[in-house]
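Just so it is clear: chains get the letters A, B, ... in the order the sequence lines come, proteins before strands, and each one is counted from 1.
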Number of protein chains: 2
Amino acid sequence: MSIDKVARTAGVSTATVSRVLNGNPAVKPDTRDKVLAAIKACEYQPNLLARQLRTSRSRMLLVLVSNITNPFCARVVRGIEEEAEKHGYHILLCNSESRLTRESAYLRLLSGKVVDGVITMDAISCLPGLTTLIGDSPWVQCGEGDPGYRASSVTIDNFKAAAAAVDHLATCGYKRIALINGDLRYLYSQQREAGYRAACGKNWQAVVYADSLEYQAGVQAMAELFTLPEPPDAVFAISDALAGGAMHYAHEQGLRVPEDVAVMGFDGVPFGSVTFPPLTTIEQPMHQLGVRSVQLLLERIDNPEVETVNEILDWKLVVRGSV
Amino acid sequence: MSIDKVARTAGVSTATVSRVLNGNPAVKPDTRDKVLAAIKACEYQPNLLARQLRTSRSRMLLVLVSNITNPFCARVVRGIEEEAEKHGYHILLCNSESRLTRESAYLRLLSGKVVDGVITMDAISCLPGLTTLIGDSPWVQCGEGDPGYRASSVTIDNFKAAAAAVDHLATCGYKRIALINGDLRYLYSQQREAGYRAACGKNWQAVVYADSLEYQAGVQAMAELFTLPEPPDAVFAISDALAGGAMHYAHEQGLRVPEDVAVMGFDGVPFGSVTFPPLTTIEQPMHQLGVRSVQLLLERIDNPEVETVNEILDWKLVVRGSV
DNA sequence: CTGTTAGCGCCTTCAT
DNA sequence: ATGAAGGCGCTAACAG
């Protein structure tokens, strides 16, 4: 089942078989047919490992995510996978759960030549140990861009998007706008908070930090907000799931959304359109985020000399019923 | 940066370096230290590809999922990844979107020796093209077990679980119990429907098929059910998300759950506990499903002669508020 | 157009 | 305890 058995049964050299395998046009049609027949006869399956070793190209991309369950991530990954497939690449998906041991284990595949490059969607940049592990392998950060690193990035302008969300709330007449934020180690969390604060200016502010980006955490965060002596009349949550949780709490308390309290989300995941009421949110171009990440990474792989770029994609304010 | 540079700077042979790398005890401590120092000095990173080729073991497992967004899958995958990590294995996750081209592309990595085995969570068994691609590589089906194939499987008893769900509904006094099913190409869909029909016996029956296992599809399916001349007073949905969608529709129509219509789910994903009301459901041992799949697969990889096993795990009826 | 040859980087007998 | 040598399966010059 190795290439030279095929060569022998076809009566040619291994080089010729290899040429046929790789679609090299410089092969006489007759011999090509002979080889093809031999391949079929031997039920030959190329050993990709050997090919990868020889060409020092695995055509595999590592994708590091903290939590695949997050629908935002899932959609970005879909974009990544689709674009990678177009270029004949495969995806090695690592669901790190933000565990260092796991991340570093996967990152070792980079130096080990098992993958040609890496796309990170986690806050890698604040883990010095990991960045040294990446060394100067092709790397792009997706959805989280720290220009301080030797990596390209594809993101939206989180500051402006957050500010726009607050502006929209203010335009609708809300005065006491609170923020439900997530883990501040993420640059995007910092940026969105900065955008929130800038847009609020000297007006009323309240920020609360959720344990995760998920629904349940949103319920708790909202509860916390409503222990304040003067609770908010509008809430801007940093993820749609968080916003969903916030509405859940509001309903539990008998508050109407948006009459008693407005709720605004972030991300634009499908879930937002099935909540009661449907969620007004900032939509990120999830698919495109993934697609561009792959394109940038592939450019880098093909030519390590190309400069790193920090690409900013457009977001969109989607008005539904919750504001 | 290859092994023989290390060997030269340490003044030993490549064999010795290899021994140190692999923790072979038959190395004098002194020489071992020398080698270790050389490794550090050279910033040596072993080429995993070469090692894999030489040992014909990649320590990578392919996991084929139709849709990672599905929280049931995500949780199983988490179990898979955790167990794999324990044994020094990595996961190559393929989100196939049930697209044949993508599945076959990934499966080619199996014959190409890039992965040592595969865990499928998709209805692979009804795609003859794919099963031949798998050939007789180590394979276990997870959550979906077709004993007709040369693969082990880890599942629950879908027939009994579905029947128990219906029995519970009947015990609570509901008479007109409908089923929201999914894609019948999946064996579990067939089995759950069979369980439903068996438990209903000669009583009222109505089955409707949703386009996917997701929320939105549940809304539609429920709507369809309520076009019936005599709509159901209870609904058993084949996934929790579907059940959530069903409740959504009920609320829209001003129906109370469970007073006007009871709703029961399947899977036991976290989402079910945040719905209004919280979902009564059949809980699958998601984590364990993943863990056992890996264990079975690894046994198979270590010893291809072991017999295939069809393992059945326990499920649990979780009563919350929707029934 | 096709064959010969030389590795890719590593592990692993077989000697010593 | 260590070294020498062969080869995993493939591709890529270089000849012819």
Taking only side-chain nitrogens and oxygens of Thr16(A), does any of them come within less than 4.0 Å of OP1 or OP2 of dG3(C)?
yes

dT2(C), OP1 or OP2 - any side-chain N/O from Thr31(A) closer than 4.0 Å?
yes

Answer with base, sugar-phosphate or nothing: what part of the nucleic acid does Ser56(B) contact at a heavy-atom distance below 4.0 Å?
nothing

Starting at atom CG of Asn24(A), determine the distance to atom P of dC10(D), rounded to an integer number of angstrom.
17 Å

Could you go through Asp122(B) and Ser96(B), starting from their C-alpha distance and side-chain angles, then the distance that decides it, and tell me whether this counts as side-chain contact (heavy atoms from CB on, under 4.5 Å)?
CA-CA 9 Å; Asp122(B) 208 355; Ser96(B) 72; 3.5 Å; yes

When rounded to whole Å, the CG to C1' distance for the pair Leu49(B) and dC11(C) reads 15 Å

Is a side-chain donor-acceptor pair under 3.5 Å present for Gln45(B) with Ser111(A)?
yes

Closest-nucleotide 5' rank along DNA chain D - winner of Lys28(B) and Ile3(A):
Lys28(B)

Rounded to whole Å, please give me the gap between CG in Asp4(B) and P in dA5(D).
14 Å

Quick one: is Ser13(B) getting a side-chain N or O under 4.0 Å of the dG3(D) phosphate, OP1 or OP2?
yes

Hey, which sits more toward the 5' end of DNA chain D by its nearest nucleotide, Gly11(B) or Arg51(A)?
Gly11(B)

Asn22(B) side-chain N/O to dC11(C) phosphate OP1/OP2 under 4.0 Å
yes

The side chain of Thr55(B) is closest to which nucleotide in this list: dT2(D), dG9(C), dC11(C)?
dC11(C)

Roughly how many Å is it from CZ in Arg54(A) to C1' in dT5(C), rounded to a whole number?
11 Å

Answer yes or no: is there an ion pair linking Asp30(B) with Lys28(B), defined by an N-O contact shorter than 4.0 Å?
no

Arg78(A) with Glu81(A): basic N within carboxylate O range, under 4.0 Å
no

Thr14(A) and Asp4(A): side chain donor to acceptor below 3.5 Å
no

Nearest-Å distance for atom pair CD/C1', residues Gln45(B) and dC10(C):
15 Å

Could you give the CZ-to-P distance, from Arg57(B) to dC11(C), as a whole number of Å?
15 Å

Could you state the CG-C1' distance from Leu53(A) to dC11(C), rounded to the nearest angstrom?
13 Å

What is the distance from CG of Asp116(A) to P of dC8(C), rounded to the nearest Å?
19 Å

Residue closer to the 5' end of DNA chain C, Asn47(B) versus Arg19(B) (nearest nucleotide):
Asn47(B)

